[in-house]
Amino acid sequence: MTAAKQRLPSPFPSKGSSEGVDLVARYRAGDADAFETLYRQHAARIYTLACRMAGSPEDGEDLLQEIFLQAHRKLDSFKGDASIGTWLYRLALNHCLDYVRSRQARMSKVTDTLDADTSMEPTARRETPIARIDLDRAIERLPEGCREAFVLHDVEGFDHKEVGALLGIAEGTSKSQVFKARMKLRGFLRGRK
């Protein structure tokens with residue numbers, strides 16, 4: 001491994017890219033193939049994000065469909081302030097975050113119900129050995145802000161300025177969240193030995 005971190009290419013064309021604007025214009029003019037082209041260009045990256053944020057390929061597929069249905073409904077609101085790829089990615093990220101938050105709320109209700117039921121006391125300690133935790137599960141354990149910034153920066157390859165823009169936080173906050181995430185992951189994964 002080299003000492004210098006290899007930077008990934010920018011995931012989306014810059015704001016000035018006319019290809020995305022042309023696709024949106026064609027879509028608005030009634031060209032159904034334009035949306036299909038948009039889907040083919042961006043589905044793989046958005047699917048990867050959805051799987052990582054949801055925690056499973058099945059949920060990722062469902063989220064991908066929901067995201068592109070939402071994009072289809074909202075494409076007329078695209079103003080061109082950012083590239084179409086950035087707009088789609090932000091839409092996808094927001095949808096994934098909503099999904100994760102709603103899932104956490106549902107899990108909290110289930111946990112509260114189970115905690116209230118004292119007749120089902122465990123007979124053995126329920127702690128699973130940290131040795132079995134793989135990276136994906138360790139990422140799932142991260143606090144929400146740390147997980148989002150870590151996935152976008154270290155997994156997806158965005159720089160801190162882009163992460164800040166996507167999450168609506170300061171660049172310094174992105175750096176801090178990624179640092180905290182890395183430290184927590186090291187702690188989670190060191191217990192594997």
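A pairwise comparison of heavy atoms in Tyr47 and Pro57 identifies OH-CB, 3.5 Å as the closest pair. Residue Cys96 comes nearest to Ala50 through the heavy atom pair SG-CA, 3.7 Å, listed as atom of the first residue, atom of the second, then distance. Shortest non-hydrogen contact noted between Gly60 and Ala54 is N-CB, 4.3 Å. Shortest non-hydrogen contact noted between His42 and Gly85 is CE1-CA, 3.5 Å.
Between atom CG of residue Leu63 and atom CD of residue Glu58 there is a gap of 11.5 Å, rounded to the nearest 0.5 Å. Residue Leu167 holds its CG atom at 5.5 Å from CG of Leu93, rounded to the nearest 0.5 Å. Residue Lys180 holds its NZ atom at 12.0 Å from CG of Leu142, rounded to the nearest 0.5 Å. Expressed to the nearest 0.5 Å, how far CD1 of Ile84 lies from CG of Leu38 amounts to 5.5 Å. Taken from NZ in Lys161 to OG in Ser174, the straight-line distance is 12.5 Å, to the nearest 0.5 Å. Here the straight-line distance linking atom OH of Tyr39 with atom CG of Leu88 works out to 12.0 Å at 0.5 Å rounding.
Between Arg52 and Ile139 the shortest side-chain heavy-atom distance does not fall below 4.5 Å. Counting heavy atoms from C-beta on, the side chains of Cys146 and Phe179 never come closer than 4.5 Å.
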Determine, step by step, whether Arg40 and Thr37 satisfy the side-chain contact (heavy atoms from CB on, under 4.5 Å) criterion, reporting the C-alpha distance in whole Å, the side-chain angles of both residues, the deciding distance to 0.1 Å, and the verdict.
CA-CA 5 Å; Arg40 280 195 316 268; Thr37 301; 3.5 Å; yes
Check the pair Leu91 / His95 against side-chain contact (heavy atoms from CB on, under 4.5 Å), numbers first and verdict last.
CA-CA 6 Å; Leu91 182 90; His95 194 79; 5.8 Å; no
List the steps and the verdict of side-chain contact (heavy atoms from CB on, under 4.5 Å) for Trp87 and Lys74.
CA-CA 11 Å; Trp87 181 85; Lys74 292 186 172 191; 4.1 Å; yes
Please report the C-alpha distance between Arg45 and Glu156 in whole Å, then the side-chain angles of each, then the deciding distance to 0.1 Å, and finally whether the side-chain contact (heavy atoms from CB on, under 4.5 Å) criterion is met.
CA-CA 9 Å; Arg45 186 156 182 87; Glu156 294 294 319; 3.4 Å; yes
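In this structure, Arg28 contributes its side chain and Leu75 its backbone to a donor-acceptor pair below 3.5 Å. A donor-acceptor pair is defined here as one N or O able to donate and one able to accept, closer than 3.5 Å; no such pair exists between the side chain of Glu148 and the backbone of Gly145. Side chain of Thr48 to backbone of Ala44: a donor-acceptor contact under 3.5 angstrom is found. Arg182 places no side-chain N or O within donor-acceptor distance of the main-chain N or O of Phe150, the cut-off being under 3.5 Å.
No side-chain donor from either of Tyr99 and Asp62 sits under 3.5 Å from a side-chain acceptor of the other.
Taking the six-membered ring where the residue is Trp, Tyr27 and His72 present perpendicular rings, their angle passing 60° and hence far from 30°.
Ile169 and Val178 sit in two unconnected hydrophobic clusters of ILVMFWY residues. Membership requires side-chain heavy atoms under 4.5 Å apart, directly or through other members. One hydrophobic cluster, built from ILVMFWY side chains closer than 4.5 Å, holds both Leu185 and Val155. With hydrophobic clusters built from ILVMFWY side chains whose heavy atoms lie under 4.5 angstrom apart, Leu97 shares a cluster with Val163.
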